[in-house]
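This is a predicted model, so every value here is computed, not measured.
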Amino acid sequence: MRTIKGPALFLAQFIGDKAPFDSWDGITRWAADCGYLGVQVPTHDPRILDLARAGESAAYRDEFLGIARQNGVEATELSAHLQGQLVAVHPAYDAGFDAFAPPALRGNPRARQEWAVDQVARAIRVSRLLGLDRMATFSGALAWPYLYPWPQRAPGLVEAAFDTLAARWRPLLDLAEETGIDLCYEIHPGEDLHDGATFEMFLDRVGGHARANMLYDPSHYVLQQLDYLQNIDIYHDRIRMFHVKDAEFRPTGRQGVYGGFQPWADRAGRFRSPGDGQVDFRSVFSKLTQYGFDGWAVVEWECALKHPEDGAREGARFVRDHIIRVTPHAFDDFAVSRVDRAAIDRALGL
């Protein structure tokens, strides 16, 4: 068993145009003031991390790490969520996801995908150059519009979608193997990898690739009504990252899992700040500790009600209160008798 590291904070939801959220120095100083020891770093905003410079300049990387260290935090992992989303986009979502790409690529799905693959590859290489060993991403989605089986899906449609998804990711997984980086797919609605069954479909198609792993976020399982504790029992060998995000599901006579096209605050299932929802985090932390999870507990703030800065400060305390410092010995070691083979044989009548 290992003691989970933390608390850390995913910065994606906090980056903005005003200080302290508009620079690496400012946002890391703020995160440390909130009580965090680490930050998970998005790679889509060069104000926070310039992927191109980080890949080319050791001086830039040293400055990046030095600023964080001086401000009292460390970079826990890089995230390529938005770029990973663009590795596979169904045409129905072209307009919506164009915003994730540079303006010059919008309206050109092929160029956008090539850019996204290059971005993920850069993030993998930079992760290694920064001394990290795992990276967060989305899988993207080709089959997602066909989630509900009506109208009936064409035979072979889902299989073809997952074959294609696996073919696009296999070279990136191989690069991750070469560089010693685990790719951690956030299992997330809107991605083709949105539950255990779909993760296994993908894993089968990449030959059980050792670098294909999971970012575990129980909030997404609450909203799907999936057993998030049993999920740890099943997939603990593949869980390499952990988002501490809460959620609640309160179905009514009017709506359930699908939410009735309502805004987040009015949905039966909605995200909440840690401790304000229904996730049994004591059991989550216990299971991850039991199975030897060696990563960070990373707060991801996405709450339909609470101010983000309040959620961030409360989240740091919440994680500190839930991290289990593992015991160095069994509680009943005091009662252990001296090993005496002759006594053992007598006790067994041997």
Would one find more than 12 heavy atoms of other residues, nucleotides or ligands at under 6.0 Å from atom CZ of Arg282?
no

Just by distance, with hydrogens left out, do Thr43 and Gln83 show a side-chain donor and acceptor under 3.5 Å apart?
yes

Pairwise side-chain contact, Trp144 with Val89, heavy-atom cut-off 4.5 Å (strictly under)
no

Could you go through Tyr228 and Asp217, starting from their C-alpha distance and side-chain angles, then the distance that decides it, and tell me whether this counts as side-chain hydrogen bond (donor to acceptor under 3.5 Å, both in side chains)?
CA-CA 9 Å; Tyr228 57 86; Asp217 182 336; over 6 Å; no

Without swapping roles, check the side chain of Thr3 against the backbone of Val326 for a donor-acceptor pair under 3.5 Å.
yes

For the residue pair Asp118 and Val120, establish whether any side-chain heavy-atom pair is separated by less than 4.5 Å.
no

Do the side-chain N and O atoms of Asp195 and Tyr221 include a donor-acceptor pair separated by under 3.5 angstrom?
no

Would Tyr216 and His236 satisfy ring pair (Phe, Tyr, Trp, His ring centres under 6.0 Å), going step by step from the backbone distance to the final call?
CA-CA 9 Å; Tyr216 174 84; His236 57 88; over 10 Å; no

Would you confirm whether the ring centroid of Tyr146 sits within less than 6.0 angstrom of the ring centroid of His90?
yes

Does one side chain, of His209 or Asp174, offer a donor that lies under 3.5 Å from an acceptor on the other?
yes

Donor-acceptor side-chain pairing of Asp25 and Ser23 below 3.5 angstrom
no

Ignoring hydrogens and geometry, is there a side-chain-to-backbone donor-acceptor pair from Gln255 to Ala268 under 3.5 Å?
yes

Should Tyr93 and Leu105 be counted in the same cluster of Ile, Leu, Val, Met, Phe, Trp and Tyr side chains packed under 4.5 Å apart?
yes

Answer with yes or no whether the side chains of Gln40 and His243 bring together a donor and an acceptor at under 3.5 Å.
yes

Are side-chain N/O atoms of Gln278 and Glu248 paired as donor and acceptor at under 3.5 Å?
no

Is there a side-chain contact between Pro109 and Asp94 in this structure, where contact means two heavy atoms from C-beta onward sitting under 4.5 Å apart?
yes

Are Asp17 and Arg47 ion-paired here, with the side-chain N under 4.0 Å from a carboxylate O?
yes

Are Trp296 and Phe242 an aromatic pair by the rule of ring centers under 6.0 Å?
no

Separation between CZ of Arg205 and CZ of Phe202, rounded to the nearest 0.5 Å
10.5 Å

To the nearest 0.5 Å, atom CG of Leu193 lies from atom OG of Ser139 at 3.5 Å

Would you call Glu186 and Glu300 a side-chain contact if the rule is heavy atoms closer than 4.5 Å?
yes

Let me confirm one number: the CD-CZ distance from Glu302 to Arg272, rounded to the nearest 0.5 Å.
13.5 Å

With no hydrogens and no angle check, is any side-chain donor or acceptor of Gln152 less than 3.5 Å from a backbone partner on Pro149?
no

Measure the spacing between NZ of Lys287 and CD1 of Ile239 and express it to the nearest 0.5 Å.
10.5 Å

Output yes when a side-chain donor or acceptor of Arg270 lies under 3.5 Å from a complementary backbone atom of Pro263, and no otherwise.
no

Does a salt bridge link Arg128 with Asp133, judged by any charged N lying under 4.0 Å from a carboxylate O?
no

Is Leu183 reachable from Met241 through a run of hydrophobic residues whose side-chain heavy atoms are each under 4.5 Å from the next?
no

Are Leu37 and Ile27 in one and the same hydrophobic cluster, where Ile, Leu, Val, Met, Phe, Trp and Tyr link if side-chain heavy atoms are under 4.5 Å apart?
no

With a 4.5 Å limit on heavy-atom distance, are the side chains of Val284 and His322 in contact?
no

Heavy-atom side-chain proximity of Arg125 to Leu175 below 4.5 angstrom
yes

Nearest 0.5 angstrom please: Arg313 CZ to His307 NE2, how far?
11.0 Å

In terms of ring plane angle, is the pair Phe10 and His81 parallel, tilted or perpendicular, where the classes change at 30° and 60°?
tilted

Measuring from Thr137:OG1 to Leu78:CG, what's the distance to the nearest 0.5 Å?
11.5 Å

The single option from Thr76, Asp294, Asn213, Asp182 that satisfies side chain to side chain donor-acceptor pair (under 3.5 Å) with Arg134 is Asp294

Side-chain touch His188/Phe138, heavy atoms, less than 4.5 angstrom
yes

